[in-house]
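Worksheet: the structure to be examined is printed underneath.
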Amino acid sequence: MELKIPKHVAIIMDGNGRWAKEKGKIRLEGHRAGAANIEKILEESIKLGVKYLTVYAFSTENWKRPEKEVKGLMELFSAFLSSKKKTMKKQGIKLLVTGSKEGVSNSLLKKIEETEKYLENEETIVFNIAFNYGGRKEITDAINKILSDEKRETGKTVTEEEVARYMYRPDIPDPELVIRTSGEFRISNFLLWEIAYSEFYVTDVYWPDFDEEEYNKAILSFNRRDRRYGGLNAE
Ligand code: FPP
């Protein structure tokens, strides 16, 4: 039987810190190895024919981490954008950065905007980085956008389709597969609206060690799932 490839895969890249600790390295080394691993998984996504890859790079709660780690993550993200943009263009990667602008430095916001613009016409895959992202914030922002939309009839009942249109990325289909590395069975405020019917795959492997082989195991597991969307299977 032919393998079903999810159109949209979303990944919670957990375990960088534990990976580093086990190797006697500082946490930031783990994040560095994690950033390097993104490239590998992006390439494999293209090979597999995945059309949208979303990764959770920084949550709205990650600001609570020690200042040094937050600064390190910001720098790593900025360096990633600068050093990978040309390769991404060659590979046909359209980049989107999704999340809140609150608290992010102007220089980083500018770099994000420039990199998105540089890659806006690429078509092989959409690489969506959830950065300063929180699922509850996204839903709250959507509600506020609905309330303040002057073109909208006041008091009109809100439908699910309408809420979906006010999310950060209404043009991206919901993820069919959500992968979480490093063993925890938690969603951690990731894509709360969009994952209503996603399949969830958890592996004990730490993110920096999540290679092509592990990725393919997740795809195989997805292929064994019986997706009913709340209905019943046809007899
Ligand atoms: C979770 O590991 C990982 C993060 C909070 C950040 C993810 C960031 C990267 C992979 C690198 C930077 C991103 C880009 C796009 C260049 P953890 O620190 O919670 O690990 P632990 O649970 O083992 O401590």
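Both ligands and their constituent atoms are indexed starting at 1 by order of listing.
- The closest approach between R27 and ligand 1 falls below 4.0 Å for a heavy atom of the residue.
- Counted within 6.0 Å of NZ on K71, heavy atoms from surrounding residues, nucleotides or ligands total 12 or fewer; the atom is thus considered open.
- F190 and L53 are assigned to two separate hydrophobic clusters, defined by single-linkage of ILVMFWY side chains at heavy-atom distances under 4.5 Å.
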>> Is there a salt bridge (Lys or Arg N to Asp or Glu O under 4.0 Å) between E102 and K137? Walk through the geometry before answering.
In response: CA-CA 11 Å; E102 281 166 37; K137 173 133 183 69; 3.3 Å; yes

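- In this structure, the protein non-hydrogen atom closest to atom 15 (C) of ligand 1 is I38 CD1, 3.6 Å.
- If you check which protein heavy atom lies closest to atom 8 (C) of ligand 1, you get A57 O, 3.7 Å.
- Annotation: cation-pi pair K89/Y118 present, NZ/CZ under 6.0 Å from the ring centroid and within 45° of its normal.
- Among all protein heavy atoms, the one lying closest to atom 1 (C) of ligand 1 is M13 O, 3.3 Å.
- Put simply, part of G15 is less than 4.0 Å from ligand 1, judged by heavy atoms.
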> side chain to side chain donor-acceptor pair (under 3.5 Å) between Y166 and D149: does it pass, once the steps are laid out?
Replying inline: CA-CA 10 Å; Y166 283 87; D149 188 343; 2.5 Å; yes

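- The protein non-hydrogen atom at the shortest distance from atom 9 (C) of ligand 1 is N16 ND2, 3.7 Å.
- Among the atoms of R65, some N or O lies under 3.5 angstrom from an N or O of ligand 1.
- For ligand 1, none of its N or O atoms has an N or O atom of Y56 under 3.5 Å away.
- By the 3.5 Å distance cut-off applied to N or O atoms, S182 is not counted among the residues near ligand 1.
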> What's the verdict on salt bridge (Lys or Arg N to Asp or Glu O under 4.0 Å) for D14 and R180, showing C-alpha distance, side-chain angles and the deciding distance?
Replying inline: CA-CA 7 Å; D14 196 12; R180 180 166 188 144; 3.0 Å; yes

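- The protein atom (non-hydrogen) at minimum distance from atom 20 (O) of ligand 1 is G17 N, 3.0 Å.
- The side-chain tip of K4 points at the ring of F222 from less than 6.0 angstrom away and within 45° of straight on.
- Of the candidates K111, K110, K117, E114 forms a salt bridge (charged side-chain N to carboxylate O under 4.0 Å, His left out) with just one, namely K110.
- Using a 4.0 Å cut-off between charged nitrogen and carboxylate oxygen, K84 and E39 count as a salt-bridge pair.
- On a distance-only criterion, N62 and ligand 1 share no N/O pair closer than 3.5 Å.
- Closest protein heavy atom to atom 22 (O) of ligand 1: R18 NH2, 2.9 Å.
- Every atom of ligand 1 with a heavy atom of F80 under 4.0 Å away is listed here by number and element: 16 (C).
- Comparing heavy-atom distances from atom 4 (C) of ligand 1 across H31, E39, E22, K21 singles out H31 as nearest.
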